[in-house]
2 protein chains.
Amino acid sequence: MSHSIKDVALRAGCSIATVSRVLAGKGYISDEARQKVEAAVKELGYRPNRVARSLRAQRSRVIGLVLSDICNPFFSEISRAVERVAVRHGYTVLICNTDEDPKREEHFLKLLEEEKVAGILLSPTRASAKSLDSSILPPLVLFDRKVAGKHLDSVVIDNEEAALKLTRHLLAGKHQKIAGIFGAKSYTASARIKGFQAAFIGAETRMAGIYQVPAFEAEGARIMAEILTNEPLVDAVVCSSALLATGAYTTLRQKGPHLLEAGGFVCFDDPSWASFVEPSVSVIRQPATTLGEAAADLLMKRIVDPTRSVSEIVLRGDLIERGK
Amino acid sequence: MSHSIKDVALRAGCSIATVSRVLAGKGYISDEARQKVEAAVKELGYRPNRVARSLRAQRSRVIGLVLSDICNPFFSEISRAVERVAVRHGYTVLICNTDEDPKREEHFLKLLEEEKVAGILLSPTRASAKSLDSSILPPLVLFDRKVAGKHLDSVVIDNEEAALKLTRHLLAGKHQKIAGIFGAKSYTASARIKGFQAAFIGAETRMAGIYQVPAFEAEGARIMAEILTNEPLVDAVVCSSALLATGAYTTLRQKGPHLLEAGGFVCFDDPSWASFVEPSVSVIRQPATTLGEAAADLLMKRIVDPTRSVSEIVLRGDLIERGK
DNA sequence: ACCCAGTGTGTAAACGTTTACACATTTTGA
DNA sequence: TCAAAATGTGTAAACGTTTACACACTGGGT
């Protein structure tokens, strides 16, 4: 068993209040007491118990990060940024994978409340409105996605604009029929679909189907194969995330290289290979690190001042034009 | 403020002990009491305070995951597996990025001890031996890397054997001079270097330099360019991680396509593009999910029974032969 | 000589649980 | 019929902090 503040007090020959004050560095302390306490702390290798601290303070130095898939490079980049900012402010990060499942999301939000975390960063699933008002939650900042009808701190990317930009870029080529592959269930996907559709207004190129599948590589590969057989006239594809794009690209390499050679493939998220395949593929690069940092910063501010006015930050994706 | 067990007791017309017993489901409780308590819990929307629980129990339902970079796909796959297992056992995961910095590692280990986590999963940096015995740590399982001279639970991959296998595969081709790019500072890197070197014993092909750099994409690109200019005779490269490989590959696309065309590039970690570039590249696929699950399982067992005998699990990497 | 502000320290309550112990009542078994 | 065991409940202590409050002492200004 490790030592408690009592042991330190005993050793330093003072009361636990004095020890606590020395540790916290506030209140009046004589030099003599300070030195004795510091010596005792060192000798015993005393480390304060954060659980006790949290209980007393009614708030811990932990923040919760609730996201749908830490293996998605977009989210892992965000996690990294969040962790950095948190550590800089003396917080640690509790990570929760929802897999886009509202049940799991609700479970985690409750859990985090029970853990008395100082704040929560959440990229909500479609159906999360309910879980949000059902209980008294700690300070909360949304990232990547918003919740309809809720006025909350948030940091998102203008997905509609980005998808519009990306699709228009494709439209500038001479493709006849463009299909779109998007993630299922997410706010993000809907926004991108809107932008995708908007790009066709007044354009000659015809839009083919809009496909929504769970955001995994295998799903991207599967749906791409399906499109290739069901809609043989499709000669261009917009892909809504690195994971889906990687899967779709693999399929295209095998079963639709003509499409790739004609530059008919673009996607979100700048996967590493996009720059070195031939021809290289144009992408929307999402500022994931900036997003993660902004969201974490916002949360820190919200924790310090719960009454501050709501911030809704919108970032823009960058179109990186490639294609040989 | 949310409700406490006291409020529930008041509402249910019993003592807090009874409420606690109903919630824990142990001890003798009458049906009447149980129903009243359950009703009160529901009406008040009561949720237990885990911080108080942890303080009382001297152990929380949180485990710490200490790794060097969550953006590294190898580690993010592990994180995901760990999180899954943890949640299944009713735990949450506190994530800590060390960036291979022993100072940060030491800081996090102390922090996790202060948080009274139930256990720790650690992929140690080179210099972590000290921080490991300096304090009384919670149950600990090492993953991906071991610590020399310590007999601790661990799950690692046989990196020497894997590197040997991978290099031999390259040796079967007709390359003249093979360079190796490895991560810096890590136990893993040393083991892979050993295997790399061992492959040349009795072989005709000459080994060129062994390069060690921090495991980031940009570093891989940089060092690859350096090799190309400093050792123009190098006609094959072994790369020690997906991150380094992606960087190195990008450079090679531009400045050394002949090397790629001759199949002179192999790496660890099966990055997504390895299968669809031309010619496709052979890799060692590391069983990251298996590793993460095994490590988390081991930790769960260690938490339940601190006296059980130490397990050192060694997994094998799979050589995936590609190349056109 | 007295008061007040500024220092320095200790005591004890509080945070929300779990649980050992005590006590009361009921059931069981001889 | 009575002891022992089983059942049900409450009281209070403990976990390790922080901090309000009380108290004591110092020194300076009147």
Side-chain angles (χ1 to χ4, degrees), chain A residues 1-38 40-41 44-62 90 110-111 113-118 136 138, chain B residues 1-38 40-41 44-62 90 110-111 113-118 136 138:
Chain A
M1 207 48 235
S2 58
H3 296 288
S4 86
I5 201 172
K6 253 186 212 160
D7 304 310
V8 177
L10 204 66
R11 179 121 189 171
C14 64
S15 74
I16 59 170
T18 301
V19 177
S20 178
R21 279 188 283 249
V22 169
L23 262 37
K26 50 174 141 181
Y28 299 111
I29 311 115
S30 65
D31 273 358
E32 197 198 334
R34 165 171 287 116
Q35 278 160 27
K36 280 204 288 190
V37 168
E38 279 167 357
V41 164
L44 295 175
Y46 166 76
R47 327 230 70 230
N49 180 326
R50 296 196 178 231
V51 177
R53 267 221 237 285
S54 300
L55 176 59
R56 170 65 218 221
Q58 296 287 74
R59 202 90 300 188
S60 72
R61 296 290 275 181
V62 173
K110 283 184 178 171
L111 190 81
E113 199 273 320
E114 292 177 16
E115 284 285 359
K116 303 298 170 199
V117 295
I136 318 100
Chain B
M1 208 50 236
S2 57
H3 296 288
S4 86
I5 200 173
K6 253 185 211 159
D7 305 310
V8 177
L10 203 67
R11 180 122 189 172
C14 65
S15 74
I16 59 171
T18 302
V19 177
S20 177
R21 279 189 282 251
V22 170
L23 261 37
K26 52 173 137 181
Y28 300 113
I29 311 115
S30 66
D31 274 357
E32 196 198 338
R34 165 172 286 115
Q35 278 160 28
K36 280 205 287 188
V37 168
E38 279 167 357
V41 164
L44 295 175
Y46 166 78
R47 328 228 71 230
N49 180 326
R50 293 194 180 234
V51 177
R53 270 227 239 277
S54 300
L55 176 60
R56 169 66 216 216
Q58 296 289 72
R59 204 91 297 193
S60 71
R61 296 291 273 182
V62 173
K110 283 185 177 170
L111 190 82
E113 200 274 319
E114 293 177 15
E115 285 285 359
K116 304 296 170 201
V117 295
I136 319 102

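To find a chain, count down the sequence lines: A is the first, B the second, and so on, and within it residues start at 1. Every heavy atom of this structure was used, including side-chain atoms; hydrogens, water molecules and symmetry mates were not. None of the values given here were measured: they were computed from a predicted structure.
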**Prompt:** Just checking B/S20: base, sugar-phosphate only, or nothing, at a heavy-atom cut-off of under 4.0 Å?
**Reply:** base
**Message:** Taking 4.0 Å as the cut-off, does a side-chain nitrogen or oxygen of B/S54 come that near to OP1 or OP2 on C/dT17?
**Reply:** no
**Asked** So which one's nearest nucleotide on DNA chain D is more toward 5', B/A57 or B/S30?
**Response** B/S30
**Integer-rounded Å distance: D/dA6 C1' and B/K26 NZ** = 19 Å
**Item:** B/L55 CG to D/dA13 C1', straight-line distance once rounded to whole Å
**Value:** 13 Å
**Prompt:** Which nucleotide sits closest to the side chain of A/I16: C/dA12, D/dG10, C/dT18?
**Reply:** C/dA12
**Message:** Using side-chain contact (heavy atoms from CB on, under 4.5 Å), reason through A/L111 and B/R50 one step at a time and then give a plain yes or no.
**Reply:** CA-CA 9 Å; A/L111 190 81; B/R50 293 194 180 234; 3.3 Å; yes
**Message:** Base, sugar-phosphate or nothing for B/A24? Non-hydrogen atoms, less than 4.0 Å.
**Reply:** nothing
**Item:** Nearest-Å distance for atom pair CZ/P, residues A/R61 and D/dT17
**Value:** 17 Å
**Message:** Taking donor-acceptor contacts at under 3.5 Å, does the side chain of B/R53 reach the base of C/dT17?
**Reply:** no
**Asked** Do B/Q58 and A/S2 have side-chain heavy atoms sitting under 4.5 Å apart?
**Response** no
**Message:** Between B/T18 and D/dG8, is there a contact of a side-chain N or O with OP1 or OP2 at under 4.0 Å?
**Reply:** no
**Asked** Can a side chain N or O of A/Y28 be found less than 4.0 Å away from OP1 or OP2 on C/dG8?
**Response** no
**Request:** Check every strand shown and say whether A/R50 touches a base, only sugar-phosphate, or nothing at a heavy-atom separation below 4.0 Å.
**Result:** nothing
**Side-chain heavy-atom pair A/R59, A/S54 within 4.5 angstrom cut-off** = no
**Request:** In whole angstrom, give the distance that lies between atom NZ of A/K116 and atom C1' of C/dG16.
**Result:** 9 Å
**Asked** Any side-chain heavy atom of B/E115 within less than 4.5 Å of one from B/P138?
**Response** no
**Message:** Can you work out whether A/D31 or A/A52 has the more 5'-proximal nearest nucleotide on DNA chain C?
**Reply:** A/D31
**Value in whole Å for how far the C1' atom of D/dG8 lies from CZ of B/R34** = 12 Å
**Closest nucleotide among C/dG10, C/dC21, C/dT17 to the B/R21 side chain** = C/dC21
**Protein-nucleotide distance (A/H3, atom NE2; D/dC15, atom P), rounded to Å** = 15 Å
**Prompt:** Which nucleotide, C/dT11, C/dT18, C/dG16, lies nearest any side-chain atom of B/R56?
**Reply:** C/dT18
**Asked** Counting side-chain heavy atoms from CB outward, which of D/dG16, D/dT11, C/dT19 is closest to A/S4?
**Response** D/dG16
**Request:** Could you tell me whether the side chain of B/Y46 reaches within less than 4.5 Å of the side chain of B/I5, counting heavy atoms only?
**Result:** yes
**Asked** For B/I29 and C/dA24, what is the distance between atoms CD1 and P respectively, to the nearest whole Å?
**Response** 21 Å
**Message:** Quick one, A/V37 and A/C14 - any side-chain contact, counting heavy atoms below 4.5 Å?
**Reply:** yes
**Asked** Hey, is the side chain of B/Q58 poking within less than 4.0 Å of OP1 or OP2 on D/dG16, counting only N and O atoms?
**Response** yes
**Request:** Select one nucleotide: of D/dT9, C/dG16, D/dT19, the one nearest the side-chain heavy atoms of A/A17.
**Result:** D/dT19
**Fill in**
Whole-Å distance, B/N49 CG to C/dT18 P, equals 10 Å
